[in-house]
Amino acid sequence: MKPAHVAIIMDGNGRWAGARGLPRSAGHRAGVEALRNTVRAAGEMGIPWLTVYAFSSENWSRPKSEISDLMGLLKLFIRRDLAELHQNGVRVRIVGNRAGLAPDIEALLVEAETLTAQNRSMNLVIAFNYGARDEIARAARRLARDVAQGKLNPEDINPESFAGYLDTAGIPDPDLIIRTSGEQRLSNFLLWQAAYSEFVFVPCNWPDFSRADLAAAIEAFAARDRRFGGVDTREAVS
Ligand code: IPE
Ligand code: IPE
Ligand code: MG
């Protein structure tokens with residue numbers, strides 16, 4: 001089976017640049033090119049949902065100059081690529097904490113979501129200023145408010161209703177999570193949503209991630225036996 005939702009932890013831009021004697025900013029620029037190619041490839045492969053981890057809530061701990069490079073690249077990506085994404089029927093959604101973002105960035109995120117809201121060919125979810133613990137804590141805060149205002153009965157809190165308070169409300173859980181650069185950890189990405197995701201760790205750094213790497217990850221996914229706590233699907237039919 002093909003995954004309906006692929007999520008990618010785009011890691012290794014800095015190491016890619018370091019290996020070439022280039023500044024980290026050059027790695028991030030090359031990373032944007034890899035993102036562009038991956039969105040196109042996923043669309044052509046008929047993957048309806050693609051989520052990419054672009055900036056984590058912990059990435060603010062990086063040097064100021066690197067943060068400003070990353071913010072600049074996000075703005076450039078939306079300004080340059082939004083028209084093409086829209087033309088190709090891609091709906092853009094952003095998950096992560098919106099509070100405290102620079103007003104020009106906030107405006108671009110809203111523009112990307114509003115312009116593409118009616119598109120149905122493919123969904124691109126950008127995790128920006130995203131951290132799963134922060135997302136879950138914000139969801140709990142909103143849920144607590146609803147309980148305090150009598151809009152929600154505590155007895156009605158269950159995994160399904162809770163998920164409706166997350167930034168990812170309405171987005172299916174990722175079937176496949178890919179992380180590049182050889183690191184094998186989630187780094188605070190989609191902790192709730194990844195409960196039954198399959199993982200593929202790819203050794204190459206993100207700027208080197210190719211269409212063939214995506215195809216190989218999807219092929220590896222197809223060979224997995226997802227049980228969701230039950231028994232082997234082949235056993236179950238016999
Ligand atoms: C991923 O590459 C991009 C972001 C986290 C924004 P890194 O910048 O983490 O690159 P490495 O991991 O230092 O090589
Ligand atoms: C995860 O990568 C965040 C993004 C890809 C945006 P990091 O490079 O920040 O993660 P750690 O620090 O290696 O865990
Ligand atoms: Mg990294």
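Numbering of ligands and ligand atoms starts at 1, following listing order.
Comment: Arg227 engages Asp225 in a salt bridge, judged by a side-chain N to carboxylate O separation of less than 4.0 angstrom.
Counting protein heavy atoms only, atom 12 (O) of ligand 2 is closest to Arg185 NH2, 4.6 Å.
Taking the six-membered ring where tryptophan is involved, the planes of Phe189 and Tyr130 are perpendicular, since the angle between them exceeds 60° and thus also 30°.
Here the Mg ion (ligand 3) has protein N, O or S atoms under 2.8 Å from it, and they come to 1.
At a 4.0 Å heavy-atom cut-off, ligand 2 touches Arg179 through the side chain alone. At a 4.0 Å heavy-atom cut-off, ligand 1 touches Asn59 through the side chain alone. Counting heavy atoms closer than 4.0 Å to ligand 2, residue Phe55 contributes backbone atoms (N, CA, C, O) but none from C-beta onward. The part of Met10 lying near ligand 2 is the backbone, judged by heavy-atom distances below 4.0 Å.
The 12-atom threshold is not exceeded at CD of Glu219, counting heavy atoms of other residues, nucleotides or ligands nearer than 6.0 Å.
Proximity of Glu183 to ligand 1 is not established, as no heavy-atom distance is less than 4.0 Å. Between Ser181 and ligand 1 there is no heavy-atom distance shorter than 4.0 Å.
Taking every heavy atom of Ala54 and a limit of under 4.0 angstrom, the matching atoms of ligand 1 come to 6 (C).
The nearest non-hydrogen atom to atom 11 (P) of ligand 1, considering only Gly182, Gly31, Gly14, comes from Gly14.
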